[in-house]
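A short write-up of the structure that comes next.
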Amino acid sequence: MNVYDAANIRNVAVVGHSGSGKTQLAAALLFDAGAVSRFGKVDDGTTITDYDEEEVARKHTLAASLAWCEWNKTKINLIDTPGMGNFLSDAKAALRVADAALVVVDAVAGSEVQTEKVWAEADALALPRIVVLNRLDRERASLERALASVREACSRTITPIQIPIGEEKQFRGVVDLVSMKSYTFATDGSGSMTEGGIPGDLADAAAAAREALIEMVAEADDALMERFFEAGTLTQEELVSGLRTATLAGRVAPLVCASGLANIGIQPLLDAIVRYVPSPADRPFRALDASSKEEVTREVSDSAPYAAFVWKTVADPFAGRVTLFRVMSGTLKSDSTVHNLTRDTAERLGHLSTMQGKTTTAVPEVRAGDLGAVAKLKDTLTGDTIAEKSTGIVFAPMAFPEPVLSYAIEPRSRGDEDKISTAMHRLEEEDPTIRYGRDQQTKELLLTGQGQLHIEVTVAKLKRRFGVEVNLKPPRIPYRETIMAPTEAHGRHKKQTGGHGQFGDCKIRMEPLPRGADFEFEDDIFGGAIPRQFVPAVEKGIQDARLRGYLAGYPVVDFKVTVFDGSFHAVDSNELSFKMAGSLAFKDGMTRARPTLLEPIMNVEIHAPSDYAGDLMGDLNGRRGRISGMDSRGAMTVVRAQVPMAEMLTYEQQLTSMTGGRGSYNMEYSHYDEVPQHLQTKIIAAAKAERTGEEVEEV
Ligand SMILES: Nc1nc2c(ncn2[C@@H]2O[C@H](COP(=O)(O)OP(=O)(O)OP(=O)(O)O)[C@@H](O)[C@H]2O)c(=O)[nH]1
Ligand SMILES: [Mg+2]
């Protein structure tokens with residue numbers, strides 16, 4: 001029976017930098033707990049959680065996936081998440097429904113770019129954390145160095161509760177600092193474990209590390225601190241219960257030692273998860289009051305009215321839409337009708353199921369605190385709340401990063417456009433960080449996402465899952481236009497030869513607004529110079545024209561238009577004429593408003609060994625980057641800079657070749673800024689060349 005009470009559930013998001021070994025670790029956890037009979041390997045494409053063909057091919061996790069095992073009568077739900085920057089929003093989604101984060105850190109590299117990102121995200125959600133110092137079997141792996149690095153980059157709360165036995169290739173197991181026992185593992189990858197005393201050569205190190213742990217635990221609690229000062233130490237019981245309390249409160253983040261690939265340290269990690277991760281019953285959940293939208297907390301209870309949060313949607317070509325949810329309170333039952341509060345619609349639940357990677361198993365119900373899935377919901381999407389109205393709560397929607405980089409795509413075969421559109425629509429549901437649509441200017445099909453890799457993966461999904469192939473054109477920078485000077489302008493549309501005439505006439509003021517303000521329109525007509533009913537038409541004409549751009553066909557933003565005068569004709573004036581007049585006035589104004597181009601600027605953060613710092617900075621200068629900060633983290637340097645997106649399209653390859661693959665970076669959209677004058681001419685010419693012929697004026 002796969003139904004568990006909240007007290008016997010642990011929901012853990014496995015997060016960390018790409019390549020730290022999250023997926024391999026999840027494979028080892030599932031294997032050692034007996035959830036699967038085969039020890040999956042990332043390198044063979046046989047793990048439970050990297051099941052998508054694209055993940056197998058690339059050997060990287062591209063989407064969060066769910067698996068579970070039972071350990072000590074406790075159900076552990078594991079959410080394996082992507083570590084690559086383009087896909088990090090799935091890690092954030094997973095953290096929303098987890099009660100703790102398993103932060104996986106490579107013992108060679110220490111803290112990396114995404115380690116800090118996921119740490120900060122877990123901070124924001126006040127999630128308890130366990131740090132897994134992983135890949136300890138590798139050359140140059142070091143507890144000491146990696147610990148210093150994560151403590152500096154993430155938090156001083158990170159405290160070892162184990163130390164490794166043996167180094168690099170000789171890594172054989174761990175000394176547990178709480179029980180003061182050693183656990184060594186078979187070298188055949190079976191995970192088979194032998195308990196014993198502390199090896200003589202580690203006795204001093206273990207005693208010192210235990211002291212440090214006791215101090216951290218004592219510091220986390222005033223009463224314990226007093227006891228510690230009186231007695232000079234803590235009793236075994238005080239340490240055990242104090243460590244759990246301190247972990248739940250986020251005052252200590254226990255660090256354990258492991259190798260997911262060599263299957264070392266996995267059973268102690270399973271123990272640590274059961275012991276130090278709160279059950280859903282230990283953590284009242286947070287929600288928003290449905291009417292006031294203020295935050296409220298509620299106890300988890302099976303018998304309360306049902307409330308579930310949808311954290312992910314998967315687009316399966318066969319099963320259709322698969323919805324992944326966490327039941328926060330109450331119980332969801334198969335074959336029942338529930339209410340989607342976000343959309344105010346009824347949803348019919350078919351079979352509820354648990355997921356073991358891609359394999360689903362039907363269950364009669366999913367109780368409070370547990371994670372589950374259901375196929376073929378009608379309207380429900382990621383971020384929705386499924387709840388009985390009487391609960392009076394909704395869950396805060398998820399904030400996804402805006403898509404930043406656009407590529408034009410072309411169907412390979414004629415007539416594929418409808419198929420692409422249907423498939424893309426479903427992929428958009430699965431991945432809210434992409435957008436698909438048609439460019440207003442060029443009429444091309446545009447796919448917008450987080451970066452080149454993200455777009456390539458999306459196009460590959462399109463092919464593998466939906467059987468449609470497209471050609472990718474080079475990326476397009478989403479330039480914008482704006483004005484630098486205020487001006488007045490006049491637009492008059494008049495056609496009064498024969499039959500029914502047309503007449504519209506308006507005077508407008510245009511003035512720049514601060515960055516990010518987009519567009520404002522004000523009606524300042526007095527005395528009926530333009531009849532009320534035609535003013536919206538003036539605005540519409542200006543809106544249409546400004547979205548079509550003036551310099552190079554990019555939308556004109558960050559300005560205000562005030563219509564203050566005009567004239568009309570009792571018979572010939574109509575909406576169309578005033579739309580034309582608005583558009584003409586806008587174009588007239590643009591000739592004097594000192595139009596200029598804006599480009600997106602990215603916040604870039606780069607981590608690389610300090611030896612490369614000079615090269616990195618030189619390279620960033622060449623990319624028109626502005627360095628905004630520099631830190632050192634042990635042997636690593638962190639550089640923060642603002643760089644135009646146009647200069648970052650090829651950064652991935654450059655960074656890899658500059659640093660021999662040891663540098664990593666993260667990039668997100670920051671703001672728009674003016675393009676330097678000497679580059680504008682080039683961009684405008686390129687845009688003109690790209691547009692097919694002259695635009696037809698559509699009104
Ligand atoms: N030597 C050694 N290699 C490991 C270990 N764990 C994982 N690897 C290897 O490291 C590579 C990356 O492992 P993954 O588990 O895919 O890493 P990940 O953190 O899931 O990476 P993303 O999915 O990209 O975020 C693979 O080639 C693994 O075989 C380990 O404990 N020791
Ligand atoms: Mg992975």
Side-chain angles (χ1 to χ4, degrees), residues 2 4 8-16 20-51 61 65-81 98 100-107 130-138 161-166 171-176 178-179 181-196 254-277 354-357 359 361 371:
N2 294 331
Y4 292 79
N8 298 322
I9 295 172
R10 303 290 183 273
N11 294 312
V12 185
V14 186
V15 295
S20 56
K22 298 178 292 298
T23 302
Q24 187 57 51
L25 188 73
L29 289 164
L30 294 170
F31 176 70
D32 285 13
V36 292
S37 54
R38 174 158 81 151
F39 183 21
K41 301 278 168 61
V42 168
D43 296 329
D44 305 337
T46 54
T47 63
I48 295 290
T49 53
D50 275 4
Y51 60 81
T61 307
S65 65
L66 187 55
W68 70 281
C69 59
E70 193 186 292
W71 189 251
N72 281 344
K73 301 198 172 57
T74 305
K75 181 186 191 191
I76 300 176
N77 284 316
L78 293 171
I79 308 176
D80 183 21
T81 69
L102 215 58
V103 181
V104 184
V105 175
D106 177 7
I130 293 177
V131 175
V132 183
L133 192 62
N134 193 32
R135 314 224 294 175
L136 268 160
D137 59 308
R138 290 176 72 219
I161 60 167
Q162 299 173 350
I163 58 170
I165 301 174
F171 176 53
R172 289 290 174 271
V174 300
V175 172
D176 182 294
V178 178
S179 65
K181 290 197 175 120
S182 75
Y183 300 94
T184 47
F185 295 82
T187 49
D188 60 1
S190 64
S192 131
M193 180 173 95
T194 312
E195 187 180 309
L255 177 142
V256 299
C257 300
S259 166
L261 188 60
N263 202 350
I264 294 176
I266 303 304
Q267 293 185 47
L269 173 55
L270 286 161
D271 285 335
I273 292 172
V274 173
R275 223 172 272 155
Y276 303 122
V277 168
T354 57
M355 293 182 97
Q356 194 64 285
T359 313
T361 308
L371 301 175

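- Residues L30 and L78 have side chains in contact (heavy-atom distance under 4.5 Å, counting atoms from C-beta outward).
- Atom-to-atom distance recorded for D80:CG and T49:OG1 is 3.5 Å, nearest 0.5 angstrom.
- Rounded to the nearest 0.5 angstrom, K22 NZ and T47 OG1 are separated by 12.0 Å.
- Rounded to the nearest 0.5 angstrom, L269 CG and Y276 OH are separated by 12.0 Å.
- Checked by atom type and distance alone, the side chain of S20 never pairs as donor or acceptor with a backbone atom of D106 at under 3.5 Å.
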For this session: Evaluate the criterion side chain to side chain contact (heavy atoms under 4.5 Å, CB included) for residue pair V277 and I76; output intermediate values, then yes/no.
Result: CA-CA 10 Å; V277 168; I76 300 176; over 6 Å; no
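- Atoms OG and CZ, from S259 and R172 in turn, are 10.5 Å apart once rounded to the nearest 0.5 Å.
- Side-chain atoms of Q356 come within 3.5 Å of backbone N or O of W68 as a donor-acceptor pair.
- When D50, I48, V104 are each tested for a side-chain contact (heavy atoms from CB on, under 4.5 Å) with T23, only one passes: D50.
- Put simply, the side chain of R10 gets close to the backbone of V274: a donor and an acceptor are under 3.5 Å apart.
- Note that the CD atom of Q267 and the CH2 atom of W71 stand 4.0 Å from one another [nearest 0.5 Å].
- At least one donor-acceptor pair under 3.5 Å links the side chain of Q24 to the backbone N or O of G40.
- Taking CG from N77 and SG from C69, the interatomic distance works out to 8.5 Å, rounded to the nearest 0.5 Å.
- Checking side-chain atoms of T81 against main-chain N and O of V14 turns up a donor-acceptor pair under 3.5 Å.
- Of the residues L25, D32, T187, L29, the one that meets the side-chain contact (heavy atoms from CB on, under 4.5 Å) test with N263 is D32.
- Partners of Y183 according to the ring-ring contact (aromatic ring centres under 6.0 Å, His included) rule, which considers only residues two or more places apart in sequence or in another chain, do not exist here.
- Checking N72 against T74 by side-chain atom types alone, no donor-acceptor pair falls below 3.5 Å.
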